[in-house]
Amino acid sequence: MPSEFALIRRHFTRPARHTDLAVGDDAALIRPAPGMQLAISTDMLVAGTHFFPDTDPTDLGWKTLAVNVSDLAAMGAQPRWVVLAASLPGADEAWIEAFAGGFFACCEAFDIDAIGGDTTRGPLNLCPTIFGEVPTGAAITRSGARPGDDLWVSGAPGRAALGLAHLRGDTHLADTYRDDCLAALHRPQPRVALGLGLRGIASAMLDVSDGLLGDLDHILESSAVGAVIDEANLPLAPLVAACGDPARAFAACTGGGDDYELLFTAPPTQRAALADLSARLALPLHRIGSITPATRGLHLRDTGGTLRELAARGYDHFGNGA
């Protein structure tokens, strides 16, 4: 059986591009570019909580890094470096090789150096910490939304939730949509280019990891504002086509997570700039509502024009019995 250090050398040591000293010493040495702040995030994935234990290891390698890349995209930051701490049940070299293949494919896709980490024996648990750069003062936080701002979301949130429901046997997806929903679940695509393009445009932003409504509540709380969501503007059509159930499609769009789309606010004066950005990236951006004073809370305007109050319904690792 190969040693811990042999596994690291064989599967997790790659040439670095943005790093003064990477894998192989007691610590890595990195140097952010002049005028840049470091953006740092960590997001743990635990077998049985965040993924099925028999998930394809190549897909899992990609997703382990991608969900962390998404956190930097949500700040308008450029990902640069990652360290990975992993607890593994055993030294299954075929599994580790496949996992590393997916992990480094994501590194290549987003020009990230893997600069260190740690392994130990234990339940399958994967915990990257990612570092990126953003011009000083240019990070997009959750606290900048103001009454009158538009509320936007990228892509088609809810596809990963439908993919998960399909795997659990809770719904049947149409053949033409099944692969897309499963890809959204297993191989999420962090919106880095969008996050960079939203610098100077978006007033507040985060990524949708725990459900649109639940994550929106973080913006509302941090910015001390309320919001109205227009049901007619939610990107429900592809979800309804996939599962044939409008109620499930609505629940997946507003309460499902794991798509890692960007939810953001911007003044109405930025609508033309956002249309240009959407066209340049070939990525749909949906204006799904507006920001209101905090006293008005969170409401949904249904297709008949009636307003009803909403309770945030995001995933909570402790509150949802995980």
Side-chain angles (χ1 to χ4, degrees), residues 145-163 165 171 173-174 176-177 180-181 184 191 194 198 201-208 210-220 223 225-279 281-314:
R146 298 292 179 264
D149 282 355
D150 294 328
L151 178 64
W152 297 80
V153 70
S154 65
R159 294 177 301 142
L162 290 184
T171 192
L173 299 180
T176 52
Y177 292 90
D180 179 62
C181 290
R191 303 302 190 187
L194 176 60
L198 287 171
I201 295 177
S203 51
M205 184 161 64
L206 46 60
D207 64 336
V208 180
D210 295 324
L212 190 152
L213 291 182
D215 286 322
L216 172 59
D217 194 54
H218 298 315
I219 289 179
L220 304 187
S223 298
V225 293
V228 173
I229 295 175
D230 290 300
E231 184 177 6
N233 293 345
L234 291 171
L236 298 176
L239 306 181
V240 174
C243 70
D245 182 345
R248 182 176 287 279
F250 179 84
C253 180
T254 59
D258 249 10
D259 290 280
Y260 302 96
E261 297 292 352
L262 295 185
L263 179 68
F264 61 95
T265 62
T269 53
Q270 298 290 352
R271 290 177 187 175
L274 288 166
D276 290 343
L277 181 60
S278 175
L281 298 179
L283 175 63
L285 301 178
H286 308 279
R287 182 161 52 92
I288 62 169
S290 57
I291 299 299
T292 63
T295 53
R296 300 185 186 177
L298 175 59
H299 289 80
L300 176 77
R301 181 182 289 112
D302 67 24
T303 54
T306 301
L307 280 177
R308 62 181 176 90
E309 190 169 4
L310 289 174
R313 294 172 296 174

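Quantities reported herein were computed from a predicted structural model and do not represent experimental measurements. What you see below is based on every heavy atom in this structure, not just the backbone, and it leaves out hydrogens, waters and symmetry mates.
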[X] and [Y]: which non-hydrogen atoms are nearest, and at how many Å?
X: A161; Y: G256; result: CB-CA, 3.8 Å
X: L239; Y: P157; result: CD1-O, 3.4 Å
X: Y177; Y: A241; result: OH-CB, 3.3 Å
X: A227; Y: T292; result: N-OG1, 3.2 Å
X: A266; Y: Q270; result: CB-CB, 4.3 Å
X: L198; Y: M205; result: CD1-SD, 3.4 Å

Salt bridge (Lys or Arg N to Asp or Glu O under 4.0 Å) partners for R248, two or more places apart: none

Pairing residues for R287 by the salt bridge (Lys or Arg N to Asp or Glu O under 4.0 Å) criterion, not counting sequence neighbours: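 Scan of R287 (salt bridge (Lys or Arg N to Asp or Glu O under 4.0 Å), adjacent residues dropped) gives none.
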
Side chain [X], main chain [Y], donor-acceptor under 3.5 Å:
X: D302; Y: G304; answer: yes
X: D215; Y: D210; answer: yes
X: T265; Y: A204; answer: yes
X: S223; Y: I219; answer: yes
X: D259; Y: A160; answer: yes

Compare all side-chain heavy atoms of [X] with those of [Y] and state whether any distance is below 4.5 angstrom.
X: L283; Y: R191; result: yes
X: L307; Y: V228; result: yes
X: T171; Y: D245; result: no
X: L216; Y: L206; result: no
X: V208; Y: Y260; result: no

Partner of T254 under side chain to side chain contact (heavy atoms under 4.5 Å, CB included), chosen from L310, I229, L236, L213: L213

Would you list the atom pairs, donor with acceptor, under 3.5 Å between side chains in residues 145-154 and any protein atom, with sequence neighbours excluded?
unit_1 : atom_1 : unit_2 : atom_2 : d
R146   : NH1    : S143   : O      : 3.3
D149   : OD2    : R146   : N      : 3.0
D149   : OD2    : S203   : OG     : 2.7
D150   : OD1    : R271   : NH2    : 3.0
D150   : OD2    : R271   : NE     : 2.7
D150   : OD2    : R271   : NH2    : 3.4
S154   : OG     : E261   : OE1    : 2.5
S154   : OG     : L262   : N      : 2.9

Verdict with reasoning, R159 to D180, per salt bridge (Lys or Arg N to Asp or Glu O under 4.0 Å): CA-CA 8 Å; R159 294 177 301 142; D180 179 62; 2.9 Å; yes

Taking atom [atom1] of [X] and atom [atom2] of [Y], what is their separation to the nearest 0.5 Å?
X: E309; Y: L298; atom1: CD; atom2: CG; value: 8.0 Å
X: I288; Y: L263; atom1: CD1; atom2: CG; value: 5.5 Å
X: L220; Y: I291; atom1: CG; atom2: CD1; value: 5.5 Å
X: L173; Y: C181; atom1: CG; atom2: SG; value: 5.0 Å
X: F264; Y: I201; atom1: CZ; atom2: CD1; value: 8.0 Å
X: L194; Y: L274; atom1: CG; atom2: CG; value: 8.5 Å

